[in-house]
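Values below: every heavy atom of this structure, side chains too, minus hydrogens, waters and symmetry copies. Each chain gets a letter, A, B and so on, in the order its sequence line appears, and its residues count up from 1.
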Amino acid sequence: MSEAYFPVGPGLGLEENFLSLDDILMSQEKLPGRAESTLPRLAFALGQGAGAGSGDSIPEGSKLEIPLWLAKGLHDSKRRIISMELPKIYKEAWRTVFSADANVVDLHKMGPYYYGFGSQLLNFDNPENPEIAQTILQTFISRFRRIMDSSQNAYNEDTSALVARLDELERALFRAGQKGLNDFQCWEKGQASQITASSLVQNYGKRKFTDMDG
Amino acid sequence: MDPAAGSGTLWAGLRRRSANGEGGRGTRRVRVRCRRGPPGCRAPGTMEPAEAEFLAEKELVTIVPNFSLDRIHLIGGDLGPFNPGLPVEVPVWLAINLKQRQKCRLIPPEWMDVEKLEEIRDQERKEDTFTPMPSPYYMELTKLLLNYASDNIPKADEIRTLVKDTWDTRIAKLRLSADSFVKQQEAHAKLDNLTLMEINTIGTFLTQALDHMYKLRTNLQPGESAQSQDF
């Protein structure tokens, strides 16, 4: 109820939320691409390390893996600096896997920011964009049930097995569901009106009152 | 111990807050709309269970006091006069306080009875939609009355079990309707006869999920193109 800090959630649309930590971490993920023109003296930054001393240039057409923030900044249809392709989980083959049954996929392994990253990919002009957007939405909808059931029913258990296959967005939802459940159970037991020491203070190792004299 | 001695200062100063989310008695309608909330806020319209319990304590319940006192005038209204052995209606917060001080005997509300609750539970299990509950705060009242006044309520354990069964059925129905709401991607759902406690347990989760779904859905319509930077 009284929180000192309200975290800013990820912007799931075409624009990221500037202040969102999730979005910052998400934009660090790499995408495959190609250099459309020669990039002088950038081999040390973008090259794969093969034969790169500082001062080499990246030849035209070589394959690169660039983080999303850089790709978004350099993407321009008029000045062709780099061109991006889709990572494989957003391609046709994986899209059919998702539409068949999205519950079995380990979204944490596939890049822990599946939804956010996928929404950002729609920024690049790509003829498959509508299908990508539709797949992301459908995946979310089909996994919703399982998240709801597991978060609302696992009280006082080890939930690591349940969250292992969820991506970050789903984990945040899972935590919200858990919180609702825990608050209710805690209230029902009567612990809601008990005053407990804050976890921040418990580790200070304050001396107890009786130790202070003598 | 004269209860009148402290009453002038302690009770007269009490004022019941009315927080957001307080609805009228009886039907509680909930409109769940899929919309974009401001980033980083707790979902509006949900509160903690302790807050719901606070609102529930305003409900009236009958007690039989064992002291006598004239009418007391509080900011929220008058209570009163208390005569030993004569039943009087007071808010739950006062009833619990008096009971803890052993100054009264609580009479359970007429819905808190084994046959009635069995009927309610069976009705709930039969219907697909939510049936009206005898009180919009049935869960909180059950917990409060059974914790503090179980000696005044016959068959307290059975009542607790029956209420819990009804609660479980309603929560299961709520989850089912949330799931079908999301699956069919509807924009608007109307659920009658939900109580505040039920809304709170699922509220944060559901509104966050719907917010995400809304944002993902707007990706499907690439309206205005993104701003491009020209160097």
Under a 4.5 Å heavy-atom cut-off, does chain A meet the side chain of Ala52(B), its backbone, both or neither? neither

Who among Gln152(A), Gln134(A), Gln138(A) has the most heavy-atom pairs with chain B under 4.5 Å? Gln152(A)

A side-chain contact here means heavy atoms from C-beta on lying under 4.5 Å apart; do Lys179(A) and Asp183(A) qualify? yes

Applying side chain to side chain donor-acceptor pair (under 3.5 Å), run through Ser83(A) and Glu36(A) and close with a yes or a no. CA-CA 6 Å; Ser83(A) 71; Glu36(A) 292 292 334; 2.8 Å; yes

Quick check on Asn182(A) against chain B: is it the side chain, the backbone, both or neither that has a heavy atom closer than 4.5 Å? neither

Cut-off 4.5 Å, heavy atoms of chain B, and the answer for Ile132(A) is neither

Contacting moiety of Ser20(A), where chain B heavy atoms sit under 4.5 Å: neither

Side chain from CB out, backbone as N, CA, C, O: work out which of these in Phe184(A) comes under 4.5 Å of a heavy atom of chain B, or both, or neither. both

Are more than 12 heavy atoms, taken from residues, nucleotides or ligands other than Lys88(A), located less than 6.0 Å from that residue's NZ atom? no

For residues Arg170(B) and Tyr138(B), determine if any side-chain heavy atom of one lies less than 4.5 Å from a side-chain heavy atom of the other. yes

Whatever's closer than 4.5 Å to a heavy atom in chain B on Leu173(A) counts as both

If you count heavy atoms of other groups shown closer than 6.0 angstrom to CZ of Phe124(A), is the number above 12? yes

What residue in Pro10(A), Gly118(A), Ser119(A) has the most heavy-atom pairs under 4.5 Å with chain B? Ser119(A)

Which atoms of Met197(B) come close to chain A, meaning under 4.5 Å heavy atom to heavy atom: side chain ones, backbone ones, both, or neither? side chain

Measuring heavy-atom distances to chain A, does Gln185(B) have an atom under 4.5 Å in its side chain, in its backbone, in both, or in neither? side chain

Taking the side chain as everything from C-beta on, heavy atoms only, tell me whether Val92(B) gets closer than 4.5 Å to Glu140(B). no

Does the side chain of Leu166(A) reach to within under 4.5 Å of the side chain of Leu107(A), using non-hydrogen atoms? no

When Leu169(A), Leu122(A), Leu181(A), Ile136(A) are compared by non-hydrogen pairs under 4.5 Å with chain B, the top option: Leu169(A)

What do the steps show when you test Phe98(A) against Tyr90(A) for side-chain contact (heavy atoms from CB on, under 4.5 Å), and what is the final call? CA-CA 10 Å; Phe98(A) 282 121; Tyr90(A) 299 96; over 6 Å; no

Under 4.5 Å from a heavy atom of chain B, the part of Gln178(A) involved: neither

Sort Lys143(B) into side chain, backbone, both or neither according to what part of it lies under 4.5 angstrom from a heavy atom of chain A. side chain

State whether the number of non-hydrogen atoms from other residues, nucleotides or ligands found under 6.0 Å of Gln102(B) atom CD is greater than 12. no

Greatest number of heavy atom pairs closer than 4.5 Å to chain B - which of Ile147(A), Ile141(A), Asp149(A), Asn129(A): Ile141(A)

